[in-house]
Every structure is written in structure tokens, then in C-alpha cells.
Amino acid sequence: QVQLVESGGGSVQAGGSLRLSCAFYGQAYWNYYMGWYRQVPGKEREGLAAIDSDDSTRYADSVKGRFAISRDSTKKLLYLQINSLKPEDSAMFYCAAGSARWRLQLFPSEEAFEYWGPGTQVTVSS
């Protein structure tokens, strides 16, 4: 089974940066594609970025240029670098993993991923 644990969230000032991390617990990390989502209360979970095992990436249009997804396969870690933070970026950020590659085409829908972490909160103040 796969377990994901996010870290790196917190409270930051607008204009600042954060790097979120996600630790992958399980076998065959190389076989999984990974992604980041965020959610605010009362709204649907929003797909932000995804990265495949060959390091190919895809981004939601809303975050292109400010968010960067990367992975370290030796450490089984996933990252999300967020720059120029805005108050509207405040949300719970979730890490996700999937292995059924046909589902990756569903990104940014949540249906693209099978496994989810508990989330890490990001709060941006103006």
C-alpha cells in the first residue's frame, strides 16, 4: 500500500515563497506519477501540478509560472515550490499518487489519482 505525508505548510506573508514536501511510503516509487492539489472550505479540490516518473510535468493554467513541481526518486520525495504567494493561495495542500497511467490524462481532475495524503495547511497574509 501507499502512504503519503505532506509537510512544509505554514503561515507566510504575501510575496513570499514556500516549498512543500511529500514523503512517499511504499514500494516502487518510480512506478507512480505524483501530483499536488489544494482545497479551500466549500470548494472542490483544485489540481495544481503533476509529474510523471520520467519527470515530465503538467500544470493548471492558474499556477503556471509561480508553482514548480519536482521529485527526488532516491529519497522518495515530491516537492512543490510556490513563489510570489498571494492571499488567495491560502488552502489545504494535498499530495497525490497514482499508478494507472490512463488516469493521468484526467488531470487536473481528482480522478487522476488513487492515493492521497492528509494535507498541509498554507495560510498567506496580506
Side-chain angles (χ1 to χ4, degrees):
Q1 276 292 1
V2 170
Q3 185 178 2
L4 305 171
V5 179
E6 304 92 340
S7 61
S11 297
V12 296
Q13 295 274 355
S17 298
L18 271 180
R19 188 175 79 160
L20 306 182
S21 300
C22 172
F24 176 100
Y25 297 96
Q27 299 298 316
Y29 176 66
W30 52 268
N31 197 38
Y32 288 82
Y33 55 91
M34 307 288 293
W36 286 100
Y37 285 70
R38 67 183 174 188
Q39 188 173 26
V40 296
K43 292 191 175 181
E44 292 186 356
R45 202 169 290 189
E46 177 190 11
L48 303 173
I51 185 167
D52 207 341
S53 53
D54 63 357
D55 288 341
S56 59
T57 58
R58 54 191 76 189
Y59 292 92
D61 288 341
S62 60
V63 302
K64 282 180 181 177
R66 284 199 308 125
F67 289 28
I69 189 171
S70 61
R71 63 192 292 168
D72 185 331
S73 294
T74 58
K75 296 180 179 177
K76 295 186 181 180
L77 290 172
L78 177 73
Y79 302 106
L80 185 68
Q81 179 71 36
I82 311 173
N83 298 321
S84 303
L85 279 156
K86 306 174 183 179
E88 52 265 41
D89 291 322
S90 297
M92 185 71 79
F93 282 71
Y94 296 92
C95 168
S99 60
R101 273 187 168 65
W102 65 267
R103 293 178 69 169
L104 182 55
Q105 305 310 312
L106 302 176
F107 180 81
S109 167
E110 292 181 69
E111 299 301 317
F113 291 90
E114 304 154 60
Y115 303 99
W116 296 86
T120 185
Q121 178 69 40
V122 172
T123 302
V124 185
S125 57
S126 57

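Excluded from the calculations below are hydrogen atoms, water molecules and symmetry mates; all remaining heavy atoms, backbone and side chain alike, are included.
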(message) What verdict does the side chain to side chain contact (heavy atoms under 4.5 Å, CB included) test give for Phe67 and Leu20, after you've listed the backbone C-alpha separation in whole Å, the side-chain angles of each residue and the deciding distance to 0.1 Å?
(response) CA-CA 11 Å; Phe67 289 28; Leu20 306 182; over 6 Å; no
(request) Begin with the C-alpha distance, continue with both residues' side-chain angles, and end with the deciding distance and a verdict on side chain to side chain contact (heavy atoms under 4.5 Å, CB included) for Tyr25 and Lys76. (result) CA-CA 8 Å; Tyr25 297 96; Lys76 295 186 181 180; over 6 Å; no
(request) Step by step, work out the salt bridge (Lys or Arg N to Asp or Glu O under 4.0 Å) result for Asp89 and Lys86. (result) CA-CA 5 Å; Asp89 291 322; Lys86 306 174 183 179; over 6 Å; no
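For the pair Met34 and Ala97, the tightest heavy-atom approach, listed with the atom from each and the gap, is SD-CB, 3.5 Å. In this structure, Phe113 and Ala50 approach most closely via the heavy-atom pair CZ-CB, 4.1 Å. The heavy-atom pair separating Ser99 from Tyr32 by the smallest distance is CB-CE2, 3.7 Å. Of all the heavy atoms in Pro87 and Ala14, the pair that sits closest is CD-CB, 4.1 Å. The nearest pair of heavy atoms linking Gln121 to Thr123 is NE2-OG1, 3.6 Å. In terms of heavy atoms, Tyr37 sits closest to Ala112 at OH-CB, 4.2 Å.
Looking at Tyr29, its side chain does come within 3.5 Å of a backbone N or O of Leu77 through a donor-acceptor pair. A side-chain donor-acceptor contact under 3.5 Å links Glu6 to the backbone of Cys95. Under the 3.5 Å distance criterion, the side-chain polar atoms of Trp116 are left unmatched by any main-chain donor or acceptor of Leu4. Put simply, the side chain of Glu114 never gets that close to the backbone of Gly98: no donor and acceptor are under 3.5 Å apart. Using a distance-only test at 3.5 Å, with no hydrogens or angles considered, a donor-acceptor pair links the side chain of Tyr59 to the main chain of Ile69. At least one donor-acceptor pair closer than 3.5 Å links the side chain of Tyr33 to the backbone N or O of Ala100.
For the atom pair Asn31 CG and Ser73 OG, the distance stands at 11.5 Å (nearest 0.5 Å). A distance of 11.0 Å separates CD in Gln13 from CG in Leu85, rounded to the nearest 0.5 Å. The CZ atom of Phe93 sits 6.0 Å away from the CG atom of Leu48 when rounded to the nearest 0.5 Å. Between atom OG of residue Ser90 and atom CZ of residue Arg38 there is a gap of 9.0 Å, rounded to the nearest 0.5 Å. Put simply, CD on Glu88 and OG on Ser126 are 10.0 Å apart, with the number rounded to the nearest 0.5 Å. One distance of note links CG of Leu80 with OG1 of Thr120; it measures 11.0 Å at 0.5 Å rounding.
Glu46 is not listed as a side-chain neighbour of Pro108, based on a closest heavy-atom distance of 4.5 Å or more.
A cation-pi arrangement is absent between Arg71 and Phe24, since the terminal nitrogen or guanidinium carbon is not both under 6.0 Å from the aromatic centre and inside a 45° cone about the axis.
Both Ile82 and Val12 are part of a single hydrophobic cluster, where members link through side-chain heavy atoms under 4.5 Å apart. Put simply, Leu104 and Tyr115 are part of two different groups of oily side chains (I, L, V, M, F, W, Y) that touch within less than 4.5 Å, one to the next. When the side chains of ILVMFWY residues are joined at heavy-atom separations under 4.5 Å, either directly or via intervening members, Val124 and Tyr94 end up in two distinct hydrophobic clusters.
Residue pairs that meet the salt bridge (charged side-chain N to carboxylate O under 4.0 Å, His left out) test with at least one member in residues 93-110, sequence neighbours left out, are Arg45-Glu110, Asp52-Arg101. Here salt bridge (charged side-chain N to carboxylate O under 4.0 Å, His left out) pairs that include residues 14-34, with residues two or more places apart or in two chains, number zero.
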